[in-house]
2 protein chains.
Amino acid sequence: MERTSAEKILEIAQELVQTRGLNAMSYADISEQLGITKAGIHYHFPSKDNLILEMVKRYHQNFRYGTAHVNTISKTGLERLEKHMAYHAGLVQIRALCLCAMLASDSESLSEDVRFEVQAFFNTSRAWLSDALEFGRRDGTLTFRGSPDLEAAQVLALYEGAMLLARAWNDVERYNEPVQRYLATVSTI
Amino acid sequence: MERTSAEKILEIAQELVQTRGLNAMSYADISEQLGITKAGIHYHFPSKDNLILEMVKRYHQNFRYGTAHVNTISKTGLERLEKHMAYHAGLVQIRALCLCAMLASDSESLSEDVRFEVQAFFNTSRAWLSDALEFGRRDGTLTFRGSPDLEAAQVLALYEGAMLLARAWNDVERYNEPVQRYLATVSTI
DNA sequence: TTGACAACTGACCTACTGGTAAGTTATTGT
DNA sequence: ACAATAACTTACCAGTAGGTCAGTTGTCAA
């Protein structure tokens, strides 16, 4: 099965939101990149709100798939954190922000449905990070004080903030520096 | 000397940008809140780009004044960090983000001048945090490994990220939780 | 008293926003 | 062969964006 138009629209729209922000992305932009008219996009996604909601759901789902995959191929907790970090470094490199970080800053322009889905994504992220931290503590690759869940909340904030700062310079190193320094702190190796 | 119109415009515009984002703030919004026409605002700030530049310069200057004041009234490095944290908690409470964090996410819509000024603000923030950390290490209230400058970069990322996440829930506790946990980590008390 | 200037207003401009309605085209299953 | 449907296009809409320009008003120095 080929990629459907709806999927292509979501893909293009997502990259536009991640690089420019919600209110700097328009149906006209998607139309131009995809080569179908604005009305054609409205056929698949009646309203912008609808489009964004589907987009966040897809992003959330892809995160679940991605992290599940990371879990199967990583042997240690440290390795999981490193893969997570590397993925986000890739986003910074294409001038993008985590979709939900971008939407959190554009939070005031969001419908309640979308805001809930953004929160759900962050909950999933935090839970996965918490698992990875606990996993690493058990296998001896990670060390930290207190509950994995609270540590995860801190790591999530660090990651999202580092991505934001890296954007100001358009320089991945501004992301890598603090994040790798954190990993060095918790790593036992 | 009373507050001039130009100052009032900057004040209102700044709050709008901090709460809604750059592209969700318009001259019409400022006009409505201030009670003068759009053209009246264009008299003081010919273009939006010009307005934003002046706004960031003012924000940066106010940060300098604010932190200088914190330096004079705080006896310890820990106290300085706590005051910094409390200020940003106040922003979250009014549904605002750090102005430069917001502009970093709207980075693609910015002129080069503004981007430089945003970078300059983050440099000042980092330098001040670095100073506070070093100060705290000397007076014995703070403890951390490695250079204060690198620690400062990490703290800055943590703060900005925590603010962003708190916005997703519109809940200050989402900011306080990771930030206070960090303070507990570095505090010797 | 007058003239100059700062600080506006009102009316207007073009470009673009999300969104709609009616019609077209190609591919189906019957 | 035909009707139904999915996937569009063309043409349009009202509202808003940032921005301009010719005037108006109030103040204040000469």
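To find a chain, count down the sequence lines: A is the first, B the second, and so on, and within it residues start at 1. When reading the values below, keep in mind they use all heavy atoms of this one structure, side chains included, and skip hydrogens, waters and symmetry mates.
- For the pair A/H88 (side chain) and A/H84 (backbone), a donor-acceptor distance under 3.5 Å is present.
- Formation of a donor-acceptor pair under 3.5 Å by the A/Y59 side chain with backbone atoms of A/F121 is not found in this model.
- Residues of residues 11-20 of chain A having a heavy atom closer than 4.0 Å to DNA chain C: none are found.
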Write down the protein N/O and nucleotide N/O pairs, taken from nucleotides 16-19 of chain D, whose separation is under 3.5 Å; answer none if there are no such pairs.
| unit_1 | atom_1 | unit_2 | atom_2 | d |
| --- | --- | --- | --- | --- |
| D/dA17 | OP1 | B/S26 | OG | 3.1 |
| D/dG18 | OP1 | B/M25 | O | 3.3 |
| D/dG18 | OP1 | B/K48 | NZ | 2.8 |
| D/dG18 | OP2 | B/Y27 | N | 3.0 |
| D/dG18 | N7 | B/K38 | NZ | 3.1 |
| D/dG18 | O6 | B/K38 | NZ | 3.2 |
| D/dG19 | OP2 | B/K48 | N | 2.7 |
| D/dG19 | N7 | B/H42 | NE2 | 3.4 |
| D/dG19 | O6 | B/K38 | NZ | 3.1 |

So which protein nitrogen or oxygen atoms get under 3.5 Å of nucleotides 4-7 of chain D's nitrogens or oxygens?
none

Strictly under 3.5 Å: I want the nitrogen or oxygen pairs between protein and nucleotides 21-24 of chain D, one per line.
none

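- Within the 3.5 Å criterion, the main-chain N or O of B/S105 finds a donor-acceptor partner in the side chain of A/R167.
- The minimum heavy-atom distance between B/L81 and B/Y159, with the atom names listed, is O-OH, 3.6 Å.
- Within the 4.5 Å cutoff, side-chain heavy atoms of A/Q14 are placed close to those of A/R58.
- In summary, the side chains of A/S47 and A/D49 do not present any donor paired with an acceptor at a separation below 3.5 Å, with no hydrogens or angles considered.
- Judged purely by atom type and a 3.5 angstrom limit, B/S187 has no side-chain atom pairing as donor or acceptor with the backbone of B/L142.
- Closest approach of B/I30 to B/I9, counting heavy atoms only: CG2-CG2, 4.2 Å.
- For A/T72 (side chain) and A/H69 (main-chain N/O), a donor-acceptor pair under 3.5 Å exists by modelled atom type.
- Contact detail for A/A168 and B/A104: the closest heavy-atom pair is CB-CB, 4.2 Å.
- The two residues A/F144 and A/G146 have their closest heavy-atom pair at CE1-O, 3.7 Å.
- Across all their heavy atoms, A/E173 and A/P178 have their closest contact at O-CD, 4.4 Å.
- Between the side chain of B/N50 and the backbone N or O of B/F45 there is no donor-acceptor pair closer than 3.5 Å.
- Evaluation of the side-chain hydrogen bond (donor to acceptor under 3.5 Å, both in side chains) rule for A/R137 yields no partner, not counting sequence neighbours.
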Working note: B/R80 + B/W128, criterion side-chain contact (heavy atoms from CB on, under 4.5 Å); need CA distance, chi angles, decisive distance, verdict.
CA-CA 10 Å; B/R80 288 187 189 182; B/W128 182 81; 4.0 Å; yes

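- Nucleotides of DNA chain C with any atom under 4.0 Å from a heavy atom of chain A span, from 5' to 3', C/dT17 to C/dA21.
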